[in-house]
Novice: 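Okay, here's the structure, questions in a sec.
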Protein chains: 2
Amino acid sequence: MIYNRIKTLRSDKGLSRKELADAVEVNFQTIGYLERGDYNASLELAFKLAEFFEVPLDMAFSPRPFKTIAEELAALKAAE
Amino acid sequence: MIYNRIKTLRSDKGLSRKELADAVEVNFQTIGYLERGDYNASLELAFKLAEFFEVPLDMAFSPRPFKTIAEELAALKAAE
DNA sequence: TCATATTGTTGTATTTATACAACAAATATT
DNA sequence: AATATTTGTTGTATAAATACAACAATATGA
């Protein structure tokens, strides 16, 4: 299982699934499947999405659950 | 099409396909397919391989052809 | 050189990712 | 509230990734 932040990245940009799907050239329902975790993106699609969102691939996809914002902040504080 | 450096990374470590395959829990022939570019790794396998080789994912996989060592050196020199 | 291990090739089977359609449920817009 | 847009669900179809087997070709090592 691979975790992803597609939904967050997408809504941050104020895009609908259809718009994102068009941008990376997949069916709009494919975006839905990915966001719900029904299946993983292919490597190819993962690269396209990361590129589209202008983030490194492992900021959009991770083999381990992403930290919540609260956890990120706690980690930052601990690292001071 | 996604490019990869699995063959290089693997032979740098002096491993056979079988050994690498066992380490990332796939069939040894799957490694062969990937090395020959017959098909792409899944995102899951890509993460496992990158982790195994201790390199960032995009050092092992890229949507664009990797530079040769000569090109890398030329780029380094140009950046001086 | 002979034996063994590794790699390449071909072929079949299964699983997973993607496409597409129809329609219901939920949100947003006017 | 009525309408339109977006999202969720289910179902079918195809393509791509993976497993596995058998065997040929190459390379490695005794």
Novice: Rounded to whole angstroms, how far apart are CD1 on I31(A) and P on dA17(C)?
Specialist: 14 Å
Novice: Provide, to the nearest angstrom, the distance between the CD atom belonging to E19(A) and the P atom belonging to dT7(D).
Specialist: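 The answer, rounded to whole Å, is 9 Å.
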Novice: Taking CG from D38(B) and C1' from dA15(D), how many angstroms apart are they, rounded to a whole number?
Specialist: 15 Å
Novice: Whole Å only: how far is the CG atom of L49(A) from the P atom of dA17(C)?
Specialist: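 Distance, rounded to whole Å: 14 Å.
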Novice: Looking only at non-hydrogen atoms, find the nearest pair between I2(B) and N40(B) and report the distance.
Specialist: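 Looking at all heavy atoms of both residues, the closest pair is N-OD1, 3.3 Å.
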Novice: Looking at every heavy atom in both A41(B) and A46(B), which two are closest together, and how far apart are they?
Specialist: CB-N, 4.1 Å
Novice: If a pair satisfies salt bridge (Lys or Arg N to Asp or Glu O under 4.0 Å) and one of its residues is in residues 26-45 of chain A, list it, with sequence neighbours excluded.
Specialist: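 Residue pairs with at least one partner in residues 26-45 of chain A: R10(A)-E35(A), R17(A)-E35(A), R36(A)-D38(A).
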Novice: Identify, with sequence neighbours excluded, every residue that meets salt bridge (Lys or Arg N to Asp or Glu O under 4.0 Å) alongside E54(B).
Specialist: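 Salt bridge (Lys or Arg N to Asp or Glu O under 4.0 Å) check on E54(B) returns nothing, list empty.
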Novice: Who pairs with F28(A) by ring pair (Phe, Tyr, Trp, His ring centres under 6.0 Å), at least two apart in sequence or on another chain?
Specialist: none
Novice: Whole-Å distance between dA17(D) C1' and E35(B) CD?
Specialist: 16 Å
Novice: Looking at DNA chain D, which of residues 5-12 of chain B put a heavy atom within less than 4.0 Å of it?
Specialist: none
Novice: Whole angstroms only, please: what is the CD-P distance between E44(A) and dA19(C)?
Specialist: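 Taking CD of E44(A) and P of dA19(C), I get 11 Å after rounding.
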Novice: Polar pairs (N or O, both sides) under 3.5 Å between protein and nucleotides 18-28 of chain D?
Specialist:
unit_1	atom_1	unit_2	atom_2	d
dT18(D)	OP1	S42(B)	N	3.1
dT18(D)	OP1	S42(B)	OG	2.7
dT18(D)	OP2	N40(B)	O	3.3
dA19(D)	OP2	N27(B)	N	2.7
dA19(D)	OP2	T30(B)	OG1	2.5
dA21(D)	N7	Q29(B)	NE2	2.8
dA21(D)	N6	Q29(B)	OE1	3.0
dA21(D)	N6	Q29(B)	NE2	3.1
dA22(D)	N6	Q29(B)	OE1	3.2

Novice: When Ile, Leu, Val, Met, Phe, Trp and Tyr are grouped by side-chain heavy atoms lying under 4.5 Å apart, directly or through other members, which residues fall in the same group as Y3(B)?
Specialist: F66(B)
Novice: Whole-Å distance between dT6(D) C1' and L15(A) CG?
Specialist: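 Computing the L15(A):CG to dT6(D):C1' distance gives 13 Å.
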Novice: Pairs in or reaching into residues 29-49 of chain B: which pass ring-ring contact (aromatic ring centres under 6.0 Å, His included), with residues at least two apart or in two chains?
Specialist: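 Matches after skipping sequence neighbours: Y33(B)-Y39(B).
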Novice: Which residues satisfy the salt bridge (Lys or Arg N to Asp or Glu O under 4.0 Å) test with D22(A), sequence neighbours excluded?
Specialist: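 Listed in chain order: K18(A).
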Novice: Quick test of your reading: applying salt bridge (Lys or Arg N to Asp or Glu O under 4.0 Å), list the pairs with at least one residue in residues 58-68 of chain B, sequence neighbours left out, ordered by first then second residue.
Specialist: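 Qualifying pairs: E51(A)-R64(B).
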Novice: Would you kindly give the NZ-to-C1' distance between K18(B) and dT4(C), to the nearest whole Å?
Specialist: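 About 16 Å, once rounded to whole Å.
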